[in-house]
Amino acid sequence: MDPLDPLDMSGRTVIVTGGTKGLGRVIAVRFLERGADVVICARNAPDEPVTAGGRTARFVAADVRDPDQVAAVVTAALDATGRLDVLVNNAGGAPPADTATVSPRFNEKIVGLNLLAPLLFAQAVHGPMSAQDDGGVIINIASVSGKRGMPEVSAYCASKFGVVGFTESLAREEAKNNIRATSICPGYVATPMVADAPVPAEEMIQPEDIAATVLYLLD
């Protein structure tokens with residue numbers, strides 16, 4: 001596949017899940033700054049529109065664990081330019097819970113958000129991306145917790161380990177369709193989601209650094 005130019009995304013269409021706040025919002029802004037048409041999704045609309053470079057991301061309300069709502073997000077992206085170039089599976093969560101006492105419903109919710117959702121989106125974008133001569137790129141935001149287990153977040157770790165394995169499988173499956181798939185496994189990223197983490201804020205990774213990595217992976 002011809003690499004995308006991360007500095008000029010004019011005419012390109014990007015989906016960023018969980019793009020209304022935190023890391024997802026920063027990633028969406030970086031794409032907007034480079035001229036991309038960006039579709040963001042989350043259960044709730046952003047407090048303020050996601051804008052940059054004179055462009056505004058299109059918001060689609062969606063539960064990313066629901067196949068029909070995932071399909072609606074992809075359709076909205078295709079409506080923008082008739083093509084789909086980049087999917088960033090960023091939506092996720094890691095509320096702490098004790099493994100011995102956590103409810104089955106909690107585990108189902110965490111695994112659904114962190115692992116099922118990327119699977120559903122990868123399926124949904126396969127058709128339009130594989131129909132393009134230059135394919136597309138799927139970037140899954142995993143975690144260092146997808147490489148080593150941590151206490152009180154067993155469901156999160158299990159789901160992120162799954163994302164890493166799923167991405168490796170997807171990359172091999174989709175290579176013939178000119179679709180690249182890769183994952184990023186950061187540690188604590190300085191966003192409100194980890195405000196109570198046992199790591200000083202100044203030692204955390206900055207969201208802008210992860211956004212820069214996403215753009216680097218397009219080249």
Side-chain angles (χ1 to χ4, degrees), residues 15-28 40-43 62-67 70 73 86-125 137-174 179-199 201 203-214 216-217:
I15 293 174
V16 181
T17 71
T20 60
K21 57 186 178 180
L23 176 59
R25 187 182 184 105
V26 173
I27 293 171
I40 58 175
C41 67
R43 286 177 297 175
D63 181 340
V64 295
R65 300 165 297 178
D66 183 286
V70 168
V73 175
V86 182
L87 164 66
V88 182
N89 278 311
N90 166 76
D98 184 76
T99 304
T101 58
V102 68
S103 71
R105 174 61 183 141
F106 177 90
N107 286 331
E108 180 182 333
K109 179 179 179 180
I110 297 303
V111 173
L113 178 61
N114 293 313
L115 178 56
L116 175 61
L119 282 161
L120 292 175
F121 268 98
Q123 289 179 317
V125 304
V137 180
I138 298 172
I139 299 173
N140 296 323
I141 306 299
S143 170
V144 69
S145 297
K147 292 180 173 293
R148 66 171 183 264
M150 300 176 66
E152 298 184 345
V153 285
S154 58
Y156 178 75
C157 289
S159 62
K160 291 300 186 179
F161 267 84
V163 168
V164 172
F166 152 62
T167 306
E168 292 179 2
S169 295
L170 184 66
R172 289 169 170 78
E173 289 181 20
E174 293 288 22
I179 299 173
R180 287 185 286 149
T182 189
S183 61
I184 301 174
C185 297
Y188 288 110
V189 180
T191 66
M193 189 178 80
V194 295
D196 297 328
V199 177
E203 295 181 11
M204 293 185 183
I205 302 168
Q206 295 304 306
E208 291 78 8
D209 294 332
I210 304 301
T213 302
V214 169
Y216 172 80
L217 291 171

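Side-chain atoms are counted along with the backbone in the values below, which use heavy atoms only and exclude waters and symmetry mates. What you see is a predicted model, and the numbers here were worked out from it, not measured in a lab. Along the sequence shown, residues are numbered consecutively beginning with 1.
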**Q.** Donor-acceptor under 3.5 Å (S154 side chain, T99 main chain)
**A.**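 No; zero donor-acceptor contacts below 3.5 Å.
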
Q: Look only at the side chain of R25 and the backbone of T20, and say whether a donor-acceptor pair between them is shorter than 3.5 Å.
A: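 Side chain of R25 to backbone of T20, a donor-acceptor pair under 3.5 Å: yes, one is there.
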
(Q) Between I205 and I210, is the side-chain contact (heavy atoms from CB on, under 4.5 Å) condition met? List the steps. (A) CA-CA 8 Å; I205 302 168; I210 304 301; 3.7 Å; yes

Q) Hey, does V102 have a side-chain heavy atom less than 4.5 Å from the side chain of N107? A)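 Side-chain contact under 4.5 Å: yes.
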
Q. Taking the side chain as C-beta and beyond, is there a heavy-atom pair between L115 and F161 under 4.5 Å?
A.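 Not touching, per the 4.5 Å side-chain cut-off.
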
How far apart are the closest heavy atoms of [X] and [Y], and which atoms are they?
X    : Y    : answer
V73  : C41  : CG2-CB, 3.9 Å
A171 : A181 : CB-O, 3.5 Å
V26  : P207 : CG2-CB, 3.8 Å
G18  : N90  : O-ND2, 3.1 Å

Q. Among pairs that include at least one residue of residues 150-173, which meet salt bridge (Lys or Arg N to Asp or Glu O under 4.0 Å), considering only residues two or more places apart or in two chains?
A.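 For residues 150-173: none.
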
Q: Scan residues 86-100 for pairs that pass salt bridge (Lys or Arg N to Asp or Glu O under 4.0 Å), counting only residues two or more places apart or in two chains.
A: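 As it turns out, there is no salt bridge (Lys or Arg N to Asp or Glu O under 4.0 Å) pair with a partner in residues 86-100 once direct neighbours are skipped.
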
Straight-line distance of [X] [atom1] to [Y] [atom2], nearest 0.5 Å:
X    : Y    : atom1 : atom2 : answer
F166 : L119 : CZ    : CG    : 4.5 Å
Y156 : I110 : OH    : CD1   : 9.5 Å
R65  : N114 : CZ    : CG    : 10.0 Å
L23  : E208 : CG    : CD    : 9.0 Å
K147 : C185 : NZ    : SG    : 4.5 Å
L170 : Q123 : CG    : CD    : 10.0 Å

Q: With sequence neighbours excluded, tell me which residues meet side chain to side chain donor-acceptor pair (under 3.5 Å) with T213.
A: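 Partners of T213 by the side chain to side chain donor-acceptor pair (under 3.5 Å) criterion come out as none, since no residue qualifies.
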
Q | side chain to side chain donor-acceptor pair (under 3.5 Å) partners for D209, two or more places apart | A |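 Side chain to side chain donor-acceptor pair (under 3.5 Å) check on D209 returns nothing, list empty.
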
Q) Considering residues at least two apart in sequence or located in another chain, which fulfil the salt bridge (Lys or Arg N to Asp or Glu O under 4.0 Å) criterion with D66? A)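 Partners of D66 under the salt bridge (Lys or Arg N to Asp or Glu O under 4.0 Å) test: none.
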
Q) Who passes salt bridge (Lys or Arg N to Asp or Glu O under 4.0 Å) against R105, sequence neighbours left out? A)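 Checked R105 against salt bridge (Lys or Arg N to Asp or Glu O under 4.0 Å); matches are E108.
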
Could you go through residues 138-146 and list every donor-acceptor pair under 3.5 Å that involves a side-chain atom there, pairing it with any protein atom two or more places apart or in another chain?
{"from": "N140", "atom 1": "OD1", "to": "N89", "atom 2": "ND2", "distance (Å)": "2.8"}
{"from": "N140", "atom 1": "ND2", "to": "T167", "atom 2": "OG1", "distance (Å)": "2.8"}
{"from": "S143", "atom 1": "OG", "to": "S145", "atom 2": "N", "distance (Å)": "2.9"}

Q.
Show, in sequence, the C-alpha distance, side-chain angles and deciding distance for V137 and L87, and conclude whether the side-chain contact (heavy atoms from CB on, under 4.5 Å) test is met.
A. CA-CA 6 Å; V137 180; L87 164 66; over 6 Å; no

Q | Stepwise side-chain contact (heavy atoms from CB on, under 4.5 Å) check, V64 with L113 | A | CA-CA 7 Å; V64 295; L113 178 61; 3.8 Å; yes

Q | Partner set under side chain to side chain contact (heavy atoms under 4.5 Å, CB included) for P67, not counting sequence neighbours | A |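 Side chain to side chain contact (heavy atoms under 4.5 Å, CB included) list for P67, sorted by chain: L120.
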
Q. What pairs with A158 under side chain to side chain contact (heavy atoms under 4.5 Å, CB included), at least two apart in sequence or on another chain?
A.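 Partners of A158 under the side chain to side chain contact (heavy atoms under 4.5 Å, CB included) test: none.
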
